[in-house]
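Heads up, the thing below is written out as structure tokens.
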Protein chains: 2
Amino acid sequence: MNNMNVSSKISLNEGLYLKDPQASELGRKIINHSILMIDELGFEQFTFKKLASEIKSTEATIYRYFKNKHILLIYLVSWYWEWVSFLIKKNTQNTSDAQEKLRIIIHSFVFASKENPSVAYVNESILHNLVISEGMKAYHTKNIDKENSQGFFKNYKDLASLVSEVVTEINPDFAYPYAFATNLFEMSNNHIYFAKHLPKLTDIEIKNDEVGELEVMLNYFADRLLGL
Amino acid sequence: MNNMNVSSKISLNEGLYLKDPQASELGRKIINHSILMIDELGFEQFTFKKLASEIKSTEATIYRYFKNKHILLIYLVSWYWEWVSFLIKKNTQNTSDAQEKLRIIIHSFVFASKENPSVAYVNESILHNLVISEGMKAYHTKNIDKENSQGFFKNYKDLASLVSEVVTEINPDFAYPYAFATNLFEMSNNHIYFAKHLPKLTDIEIKNDEVGELEVMLNYFADRLLGL
DNA sequence: TTTTAAATAATAGTATTACTATCATTGGCA
DNA sequence: TGCCAATGATAGTAATACTATTATTTAAAA
């Protein structure tokens with residue numbers, strides 16, 4: 001892809017931050033290094049103190065950007081969903097055939113992290129890893145209903161909606177287009193995780209980040225579900 | 001079901017506990033109340049100290065049973081998987097037709113919590129809620145590979161294996177029987193959660209714990225995937 | 001160029017968490 | 001009766017998840 005500034009396309013709920021991290025050098029450093037550190041340490045071991053030390057700032061300063069590390073996680077995951085939505089829109093804009101669109105959708109998110117990144121301070125490949133390993137913790141919390149009512153998960157919903165429309169275009173009789181869409185994403189991430197850590201729970205293999213088998217599997221599931 | 005002692009059928013990896021909680025009154029209280037409290041507080045807010053206070057014991061004593069709360073979570077989730085496996089085996093033992101078996105499998109776990117519980121100190125219905133809300137945290141951790149190598153997730157793998165065999169029996173050409181199985185479980189739990197908390201991410205509705213729509217959806221997906 | 005406001009740093013402090021350690025008590029069985 | 005295993009009581013520690021205060025730097029307006 002060309003190096004258009006995707007960040008102008010990324011709109012994240014303002015409730016997710018206290019001070020826009022994209023708008024300052026330090027803020028971008030927070031985004032950048034929090035992705036790296038959560039991926040490396042895992043969400044539980046990751047702390048604002050460690051992050052502060054890494055970027056040579058202080059805990060208190062990070063708290064001025066994000067209310068707590070859980071909201072930061074939602075921010076990062078939302079970023080990812082928005083990034084995938086952007087890719088899908090970009091890659092399908094010249095396609096009118098719905099079946100072809102679905103194929104592109106699957107390809108887009110399976111290979112999302114391989115696309116030439118356009119935001120210097122976000123490593124999309126590592127962000128994808130993070131979403132695979134820690135993403136579901138963003139919405140499995142006791143505050144889910146309150147957070148949802150504040151619109152914190154809009155990006156994921158929009159993505160699901162986008163895909164569900166294509167599903168309905170392909171097969172108007174398919175009864176569960178939203179479930180199809182979310183299942184596609186959850187399944188994709190789950191099986192990358194399983195292939196890496198719990199191989200007995202899946203049939204695919206992923207070596208050296210080769211996700212080709214995953215793409216084949218998702219298309220196989222999709223085709224059968226939609227009667228193609 | 002009759003009140004046969006299912007606990008004799010439940011075999012959990014000995015590495016999951018330091019002292020068998022099923023073998024003492026206090027241990028059973030730990031199981032019982034940890035289920036209730038994790039469901040109520042969420043896993044993050046749940047602590048051994050709160051649990052100790054609830055059962056009128058001490059933190060140190062609980063640490064004599066479980067190494068930490070994360071291992072306790074794996075223990076409880078393993079219990080759930082083992083319980084579902086048991087139900088599936090029981091309910092399918094008189095059925096030879098594979099398609100019918102799959103239908104029973106789906107019915108068994110969708111309605112698992114409605115079966116008359118046979119272990120007095122485990123509320124299976126609440127345990128199912130816990131698995132839906134917190135279950136994935138049991139295997140999304142930085143220690144996953146070490147824990148997996150110790151056999152901590154055997155119960156889930158066995159369950160997946162059980163279902164994958166039926167899938168292969170129905171359609172020997174289906175290329176991803178394990179992915180089918182795990183996806184069935186993950187999807188089931190996800191969509192119960194979505195229906196309750198993020199309804200825009202699913203097509204089904206669940207009011208008053210009526211999971212009938214979920215069963216219909218899972219059968220719909222299963223039939224299409226297996227070409228029935 | 002100075003003034004000033006905003007951002008960040010430095011530092012400290014608090015309640016809670018996730019443990020570990022030690023010693024006392026109790027209740028059953030040998 | 002005595003002993004031992006299980007549990008209780010108590011204390012302590014390092015780390016976490018914050019909040020508060022004051023000092024310093026920086027960047028932009030006057």
Side-chain angles (χ1 to χ4, degrees), chain A residues 14-34 37-38 40-76 121 134 137-138 140-143 146-147, chain B residues 14-34 37-38 40-76 121 134 137-138 140-143 146-147:
Chain A
E14 287 184 18
L16 290 174
Y17 48 82
L18 303 172
K19 184 165 147 44
D20 183 3
Q22 290 186 248
S24 74
E25 188 58 35
L26 184 66
R28 292 187 287 270
K29 259 174 126 173
I30 291 173
I31 296 175
N32 187 349
H33 286 86
S34 64
M37 291 185 81
I38 294 174
E40 198 182 309
L41 303 174
F43 185 64
E44 286 75 23
Q45 306 307 315
F46 167 81
T47 69
F48 277 5
K49 198 175 189 179
K50 289 174 186 169
L51 174 59
S53 144
E54 182 85 4
I55 64 176
K56 268 134 200 137
S57 180
T58 64
E59 231 182 326
T61 297
I62 295 171
Y63 274 104
R64 279 192 210 101
Y65 282 88
F66 293 99
K67 202 171 174 247
N68 55 56
K69 71 172 182 172
H70 178 244
I71 302 288
L72 169 57
L73 180 64
I74 300 180
Y75 180 92
L76 296 177
Y121 52 97
E134 314 288 347
K137 293 173 191 170
H140 280 86
T141 165
K142 269 289 147 184
N143 293 318
K146 205 177 127 205
E147 288 171 351
Chain B
E14 288 184 17
L16 289 175
Y17 48 82
L18 303 172
K19 186 164 146 45
D20 184 3
Q22 290 186 249
S24 74
E25 188 56 35
L26 184 65
R28 292 187 287 269
K29 259 174 126 172
I30 290 173
I31 296 176
N32 188 350
H33 286 86
S34 63
M37 290 186 83
I38 294 174
E40 198 182 310
L41 302 174
F43 184 64
E44 286 75 24
Q45 307 307 315
F46 166 80
T47 68
F48 278 6
K49 197 174 190 178
K50 289 174 185 169
L51 174 59
S53 144
E54 182 84 6
I55 64 177
K56 268 136 200 138
S57 179
T58 64
E59 231 182 325
T61 298
I62 296 172
Y63 275 104
R64 284 191 201 102
Y65 282 87
F66 292 100
K67 200 170 173 248
N68 55 55
K69 72 172 181 171
H70 177 245
I71 303 287
L72 169 58
L73 179 64
I74 300 180
Y75 181 93
L76 296 177
Y121 53 96
E134 315 288 347
K137 293 173 191 169
H140 280 87
T141 166
K142 270 289 148 182
N143 293 318
K146 205 176 126 206
E147 288 171 353

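Numbered from 1 within each chain, the chains take letters A, B, ... in sequence-line order.
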### Query
When you measure from the side chain of Y63(A), which nucleotide among dA18(C), dT19(D), dA9(D) comes out closest?
dT19(D)

### Task
Describe the nucleic acid contact of F48(A) in one word from base, sugar-phosphate, nothing, applying a heavy-atom distance below 4.0 Å.
nothing

### Query
Does the side chain of K50(B) get closer than 4.0 angstrom to OP1 or OP2 of dT17(C) through an N or O atom?
yes

#### Entry: Minimum side-chain heavy-atom gap Y65(B)-L26(B) below 4.5 Å
yes

### Message
Just N and O in the side chain of Y65(A): are any of them under 4.0 Å from OP1 or OP2 of dA7(C)?
### Response
no

### Query
Just checking F66(B): base, sugar-phosphate only, or nothing, at a heavy-atom cut-off of under 4.0 Å?
nothing

### Message
Determine whether a donor-acceptor pair (N or O, by modelled atom type, separation under 3.5 Å) exists between the side chain of K19(A) and the backbone of G27(A).
### Response
no

#### Entry: Phosphate-side-chain proximity, K56(B) and dT7(D), N/O vs OP1/OP2 below 4.0 Å
no

Side-chain donor-acceptor contacts of residues 54-61 of chain A below 3.5 Å, not counting sequence neighbours, with atom names and distances?
| residue | atom | partner | partner atom | Å |
| --- | --- | --- | --- | --- |
| T58(A) | OG1 | T61(A) | N | 3.4 |
| T58(A) | OG1 | T61(A) | OG1 | 3.0 |

## Note on the structure
With the side chain defined as heavy atoms from C-beta on, L26(A) is closest, among dA9(C), dA20(D), dT7(D), to dA9(C)

### Query
Any idea how F46(A) and F43(A) line up, ring-wise: parallel (<30°), tilted (30 to 60°), or perpendicular (>60°)?
parallel

### Query
Out of dA9(D), dC19(C), dA17(D), which has the shortest distance to the side chain of E59(A)?
dA17(D)

### Message
Counting only side-chain nitrogens and oxygens, does T61(B) get under 4.0 Å of the OP1 or OP2 atom of dG8(D)?
### Response
yes

#### Entry: N68(A) side-chain proximity, nearest of dT7(D), dC18(D), dG8(D)
dC18(D)

#### Entry: Per T47(B) side chain, nearest of listed nucleotides dT7(D), dT17(C), dA9(C)
dT17(C)

### Task
Report yes if a side-chain nitrogen or oxygen of T58(A) is closer than 4.0 Å to either non-bridging phosphate oxygen (OP1 or OP2) of dT8(C); otherwise report no.
no

### Task
Please answer whether the main-chain N or O of Y121(B) pairs with a side-chain N or O of K29(B) as donor and acceptor at a distance below 3.5 Å.
no

### Message
Tell me if a side-chain donor or acceptor on K137(A) pairs with a main-chain N or O of L73(A) at a distance below 3.5 Å.
### Response
no

### Task
Using a 4.0 Å cut-off on protein heavy atoms (strictly under), produce a 5'-to-3' string for nucleotides 23-30 of chain C with B for base contact, S for backbone-only sugar-phosphate contact, and - for none.
--------

#### Entry: Nearest listed nucleotide, side chain of K69(A), among dA9(D), dT7(D), dA17(D)
dA17(D)

### Query
Hey, is the side chain of K49(B) poking within less than 4.0 Å of OP1 or OP2 on dT17(C), counting only N and O atoms?
no

### Message
Rounded to whole Å, how long is the line connecting atom CG of L51(B) with atom P of dC19(C)?
### Response
14 Å

### Task
For the residue pair H70(A) and E44(B), confirm or rule out a side-chain donor-acceptor distance under 3.5 Å.
no

